[in-house]
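Beneath this line is the structure, given in structure tokens, with notes to follow.
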Amino acid sequence: MRFFLLISFLLSKCSHRVFASSFVQPAVWDVNQMENNTIELNLDWLEVDPGFGGPAYETRVLGGSFPGPTILVFQNTTIKVTFNNKLTRQSEAKFSSESGRKNDISDPDTGNLHFHGGHVTSVLPGDDTTLVVGPGESYDYIIPVLEEHAPGLHWIHPHHHGSTSLHVGGGAASAFIVRDPPGFLPPQLEDAAEKVMVFQDIDMFKLQQQALRANDERFRRSMLGVIDSKVPGHSDLKNRFVTINGVYQPTLTMTSGKWQRWRMLFAGWRTSHLAFRTLDNGADCEFQLLAKDGVYLSDFPRPVGELLIPTGGRADVMVRCNSVGSTTYSAIDREVMRVVVEELEGSSMKDNDLIPWAPEVLPKYLQDLTTSKVSPGCSCDTKFSGEGDHSYVNGRSYLSGNHYLHSSYLGAVVERHLSFEKEHSYHQHVYPFQLVSDNFSSNYFQMGDWHDSYMDGDRSAAIRYRPTVLSGKIMIHCHNNIHSDRGMLAKEYVLNITNGQCQCDIFGSISGSGIVDDVGPILQPISAPNSGASRSMMTILALTGSAFAAVI
């Protein structure tokens, strides 16, 4: 109790309190209402003013807004996404093609798209983040949202190796929701008002540092314009702000006693939990956790006091405020939102307490693995360590091309033992994973929960997943995008075979049956100093007409 009182006192002294703007939600694009299920997402500059109190500034955004539009889709829909990189190459910028810059902040005007959390193919024209879409270029993604894709909240953001931190840190992100089918939810949940909340961590000082490193002068000048404005309160916050749907410290109005469903996306790029919690709870608001990373809990409703959403993670929370008044919330130790609760005119009826619920049927890739036997050879260690020029996965910096860390196959029960030197977050593409250990700091994390992004301080974790129908590359990385841009990134591969063999610590090329895309050329590995890790090398796959990515 003393800790929370101290935090509240410190925040009251150093916060730059505004709460002048009303809560707004992003525009909504319903794919199933679009002609041929086609949408167009542009990566381009936009002048924004979230209400920090300083001047407006330029940043890169998706879909013409900050954040980008919320994209809705039903299961069993194939989305066609035309990605247009509207940026112009800055002649002074640094490029990854330069000698010695394979793992550095670079290519500020090059991009692509990642469908973060989506159980979607990584084979082109799908979600292959090794694809390079240069300034002025376009690419047509085709993303099948499978019939068995679980409904849930995900997001879309650029993911070019070298510029992810500049783009995501600057605000290029869109919520991506696979909708609940009609009749899927119980009436209590179905009838609750929904609020999409995209939390963005705008760290002006860190962003200008990364822009300087990449010679991204247009963005750097924009960040310095805000930093140099000397607005009162900025120095106390170290020029780091949190916005919700592009607005600084909004005010949300609610009705007393009525449940709302908050769909919270932490579109983060730093090593931080969102750490969303109550400060002054004058309206007696309560949280009940419903889903994490787009997967419904098996023990809903789960009461939680603080939402330790990892960077890149999501949480669906049922919220009810039981008294007229106001409640203030913080995130990343900053006041971020105020809720004003009013009485519904002509009614004092309070919604009933929530009834336990969980989906009756789960897709194959979300079947419980906590008591399953791990397939022979499929239990591997994955360690994130270092930072800066020494950002490593299992003692190695990222190497593009035909260079893989671990491999598995369809139907295998795969286990990974995650460990972290310092605080790092773990994000995995294509397949969510289940927590099968139980050494966590709070009940936000529990054995049996599913995630695609994990961070609980520097606590290790054991995770499992089962590849079912999607084969190909699986990118794994720290979602502190500075770390991943500088080398804390690796590739696994799911072979398109059953009854195969897993491999751990390959540190080299893969070949043979079961490869479904271009795995790239063999390049020489980059090791950590004094790394004793073994190198298992195999022959390169001959390129045989499969979809081709410009490999970085």
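Bear in mind the structure is a predicted one, so any value in this text is a computation, not a measurement.
Between Tyr365 and His149 the shortest side-chain heavy-atom distance falls below 4.5 Å. For the pair Tyr465 and Val430, the minimum side-chain heavy-atom distance is 4.5 Å or more. With contacts defined as side-chain heavy-atom distances shorter than 4.5 Å, the pair Val61/Pro67 does not qualify. Between Gln25 and Glu194, the closest side-chain pair of non-hydrogen atoms is not below 4.5 Å. In this structure, the side chains of Leu308 and Ser441 come closer than 4.5 Å at one or more pairs of heavy atoms. Using a 4.5 Å heavy-atom threshold, the side chains of Pro181 and Gln75 count as touching. With contacts defined as side-chain heavy-atom distances shorter than 4.5 Å, the pair Leu470/Leu146 qualifies. Inter-residue side-chain proximity for Tyr398 and His161 is flagged as met; some heavy-atom pair is nearer than 4.5 Å.
Checked by atom type and distance alone, the side chain of Asn85 pairs as donor or acceptor with a backbone atom of Leu87 at under 3.5 Å. Between the side chain of Asp280 and the backbone N or O of Thr328 there is no donor-acceptor pair closer than 3.5 Å. Looking at Asp449, its side chain does come within 3.5 Å of a backbone N or O of Gln446 through a donor-acceptor pair. Panel note: side chain Thr38, backbone Asn36; a donor-acceptor pair is recorded below 3.5 Å. Judged by distance alone, the side chain of Thr164 and the main-chain N or O of His160 form a donor-acceptor pair under 3.5 Å. Here the side chain of Asn245 pairs a donor or acceptor atom with the backbone of Val24 at under 3.5 angstrom. Arg320 places a side-chain N or O within donor-acceptor distance of the main-chain N or O of Asp351, the cut-off being under 3.5 Å. In this structure a side-chain-to-backbone donor-acceptor pair under 3.5 Å is present from Asn32 to Phe74. In this structure a side-chain-to-backbone donor-acceptor pair under 3.5 Å is missing from Trp29 to Ile39. His451 places no side-chain N or O within donor-acceptor distance of the main-chain N or O of Pro310, the cut-off being under 3.5 Å.
For Tyr454, the ring pair (Phe, Tyr, Trp, His ring centres under 6.0 Å) partners at least two apart in sequence or on another chain are Phe445. Every residue meeting the salt bridge (Lys or Arg N to Asp or Glu O under 4.0 Å) condition with Lys422, not counting sequence neighbours, appears here in chain and number order: Glu387. When the side chain to side chain donor-acceptor pair (under 3.5 Å) test is applied to Asp284, no partner is found at least two apart in sequence or on another chain. Shown here are the side chain to side chain donor-acceptor pair (under 3.5 Å) partners of Arg270, two or more places apart in sequence or in another chain: Asp203. For Trp450, there are no ring pair (Phe, Tyr, Trp, His ring centres under 6.0 Å) partners, not counting sequence neighbours.
Looking at Lys86 and Asp109, no side-chain N of the basic residue comes within less than 4.0 Å of a carboxylate O on the acidic one, giving no salt bridge. Residues Arg60 and Asp44 are not paired through a salt bridge, judged by the lack of any N-O separation under 4.0 Å between the basic side chain and the carboxylate. Ion pairing between Asp485 and Arg213 fails under the 4.0 Å rule for side-chain N and carboxylate O.
Ring pair Phe241/His234: centre-to-centre distance below 6.0 Å. Ring centroid separation for the pair Phe115 and His154 does not come in under the 6.0 Å cut-off. For Phe276 and Tyr329, the gap between ring centers is short of 6.0 Å. Taking the centre of each ring, Trp357 and Tyr296 come in below the 6.0 Å mark. When ring centroids are compared, His116 and His159 stay outside the 6.0 Å threshold. Aromatic ring centres of Tyr139 and Tyr141 lie closer together than 6.0 Å.
Heavy-atom minimum distance, Gln200 versus Phe66: OE1-CE1, 3.6 Å.
Under 3.5 Å, the side chains of His424 and His483 contain a donor-acceptor pair of N or O atoms. Between Asp104 and Ser106, the side chains place no donor N or O within less than 3.5 Å of an acceptor N or O (distance only, hydrogens not considered). In this model, a donor atom of one side chain and an acceptor atom of the other lie less than 3.5 Å apart for Asp127 and His114. Judged purely by distance below 3.5 Å, without hydrogens or angles, the side chains of Asn37 and Thr77 never pair a donor atom with an acceptor atom. If you check the side chains of Ser122 and Asp128, you find no donor sitting under 3.5 Å from an acceptor. With 3.5 Å as the limit, one finds no donor-acceptor pair spanning the side chains of Asp107 and Ser163.
Once rounded to the nearest 0.5 Å, the distance linking NE2 of His157 with CG of Leu62 reads 10.0 Å. One finds the OG atom of Ser21 at 11.0 Å from the CZ atom of Arg338 (value rounded to the nearest 0.5 Å). In this structure, the separation between CD1 on Ile202 and CH2 on Trp269 is 8.5 Å, given to the nearest 0.5 Å. Taking CZ of Arg240 as the reference point, atom CZ of Arg334 lies at 5.5 Å (rounded to 0.5 Å). Here the CD1-CH2 distance, from Ile177 to Trp155, works out to 14.0 Å after rounding to the nearest 0.5 Å. The CZ atom of Arg314 lies 14.0 Å from the CZ atom of Phe199; values are rounded to the nearest 0.5 Å.
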Handout entry: Pair Asp333-Arg277, salt bridge (charged side-chain N to carboxylate O under 4.0 Å, His left out): steps then yes or no
Key = CA-CA 9 Å; Asp333 291 334; Arg277 60 173 173 255; 2.8 Å; yes
Exercise for the section: Go through the steps for Asn322 and Glu286 under the test side chain to side chain contact (heavy atoms under 4.5 Å, CB included), then give the verdict. Expected result: CA-CA 8 Å; Asn322 299 302; Glu286 60 180 297; 3.2 Å; yes
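Sorted by first then second residue, the salt bridge (charged side-chain N to carboxylate O under 4.0 Å, His left out) pairs that include residues 163-190, not counting sequence neighbours, are Asp30-Arg179, Asp180-Arg261.
For the side chain to side chain contact (heavy atoms under 4.5 Å, CB included) with Ser222, the qualifying choice from Glu47, Met204, Glu58, Glu217 is Glu58, the only one to do so.
Within 6.0 Å of the CZ atom in Phe205, the count of heavy atoms belonging to other residues, nucleotides or ligands does not exceed 12.
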